[in-house]
Amino acid sequence: MGIAVVGSSNIDFAARVTKLPQPGQTVLAKEYKSGPGGKGCNQALAVNRLGVSPIFISKIGDDVLGRQLLATLSDEGLDTSHLIIADGAQTGTALISIDTAGENMITVVGGANMTMTRGDLHEKQSHLRDCDFLLLQLECPVVAVDCAIKYAREGHAKVILDPAPVPDHMVMRDLLALTNIVTPNSSECLAMTGIDPVDMATATIAANKLHEMGPETVIIKMGSKGAFYSSDGQIGLVPSFVVSAIDTVGAGDCFNAGLAVALHGGQDLADAVRFACATGALSTTRNGAGDAAPTLEQVLALLEDPASAS
Ligand code: RIB
C-alpha cells in the first residue's frame with residue numbers, strides 16, 4: 001500500500017552565477033550550496049513532506065557524501081531502510097549553475113545510481129507489488145527501471161514516469177508501453193513527440209502521440225503556461241500559480257510527488273494536477289531541490305488562497 005519511489009539520489013552543489021557559462025568559458029560565483037538532490041530523492045522527500053511516508057529505493061556510495069545524504073534524509077524523517085549502499089561507488093552528484101533569471105545548467109555524475117541492478121529490485125519486489133503508485137525517473141539504468149515497473153504491475157500499482165532525462169526512442173517506447181501516467185515537461189515532450197506544446201491545441205496533438213505509445217494519462221508540465229492533462233478523452237489546462245520563483249531546480253520532481261500524493265488521497269485528475277502545480281510552484285520559492293519541497297499545510301494554504309504567494 002502507499003507510494004514507492006525508485007530512483008536517483010545525489011548531493012547537489014549549486015552555484016549562483018550572473019550568466020551561465022558558454023562552452024570554453026569560465027564564470028565566477030561567490031559561493032555554492034550543497035543539499036539533497038537527484039530526481040528520485042527529491043520526489044521521495046517531497047512525498048514525505050506532504051504527509052505520506054514513501055518506500056524509497058535508491059543507491060548511494062559508501063563515502064562521505066553518502067553518509068551526509070543518509071543523515072540528512074534521516075533527520076528529515078524519511079524512511080531510509082530501503083537505501084542500498086553500493087560498495088566502491090561514489091554517491092551521485094549534480095553540479096548546478098543557476099543564473100539571475102533562474103535558468104540552470106546541470107551536470108549529473110550518476111555514480112552509485114548507475115549501479116542499480118535487477119537484483120537490487122528483486123530484493124524489494126514485495127514492496128513494489130504492494131504499492132498503489134510507483135514514481136520513476138530515468139537517472140538509473142533502464143534495466144532497473146523496467147524491472148521496478150514489472151514488479152509494480154504484477155500488483156495493482158499505477159506507474160508514474162517522469163521521462164527525464166529523455167532516453168533514446170526505442171528505450172522510451174518500451175518504457176511507455178508499461179507506463180500509466182507520463183509527465184514530460186515541454187522540452188521532453190518536444191524530444192519525445194517532435195511537437196512543441198505551446199498551447200492546448202499543440203499539447204493535445206502531442207498527448208495523443210504519447211497515448212499511442214501506451215500511457216492512458218499524459219500530463220505535460222508547461223512551466224508558466226500551466227500543466228496540461230489528457231486522460232480518457234478528458235483534457236484540461238491547469239493554470240500555473242503565480243509565485244516569486246528564485247530556483248526552479250527540482251520543481252518537476254515536487255510536481256510529480258504532489259501528483260502521486262493527491263491521486264493516492266483519492267483526488268480526481270484535475271484536482272490532483274492542481275495540487276501538483278501548487279507543490280511544484282512552492283518549491284521554486286526556496287533554494288535547493290528536495291530541500292525546497294513544501295509541506296502539506298503550505299500546499300493547502302496556496303490552493304485555498306492562490307494570491308497568498310504572489
Ligand atoms: O530534477 C532536479 C535534479 O536533477 C537535481 O536535484 C539534480 O540532482 C538532478 O538529478
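Counting begins at 1 with the first residue of the sequence. Atoms within each ligand, like the ligands themselves, are counted from 1 in listed order. No experiment lies behind these values; they were computed from the predicted model shown.
Salt-bridge formation is not detected for the pair Lys33/Asp12: no Lys NZ or Arg NE/NH1/NH2 atom is positioned less than 4.0 Å from an Asp or Glu carboxylate oxygen. Taking 4.0 Å as the cut-off between side-chain N and carboxylate O, Asp146 and Lys150 count as a salt-bridged pair.
Checking Gln298 against Thr295 by side-chain atom types alone, a donor-acceptor pair falls below 3.5 Å.
For a threshold of 3.5 Å applied to N or O pairs, the pair formed by Gly38 and ligand 1 contains at least one separation below that value.
Annotation for ligand 1: atoms under 4.0 Å from non-hydrogen atoms of Asp253 are 1 (O), 2 (C), 3 (C). Annotation for ligand 1: atoms under 4.0 Å from non-hydrogen atoms of Val108 are 9 (C), 10 (O). Interface of Ala289 with ligand 1, defined as ligand atoms under 4.0 Å from a residue heavy atom, comprises 6 (O). Each of the atoms 7 (C), 8 (O) of ligand 1 lies under 4.0 Å from some heavy atom of Ala94. Against a heavy-atom cut-off of under 4.0 Å, Gly250 is close to the following atoms of ligand 1: 2 (C).
The side-chain contact (heavy atoms from CB on, under 4.5 Å) test with Phe275 singles out one residue from Leu259, Leu300, Leu263, Val238, and that residue is Leu300.
Residue contact annotation: Gly252 has no non-hydrogen atom under 4.0 Å from ligand 1. No heavy atom of Ser8 sits closer than 4.0 Å to any atom of ligand 1.
Within a 6.0 Å radius of CG in Asp75, more than 12 heavy atoms belonging to other residues, nucleotides or ligands are found.
Between His122 and Tyr151, the ring-plane angle classifies as tilted under the 30° and 60° cut-offs.
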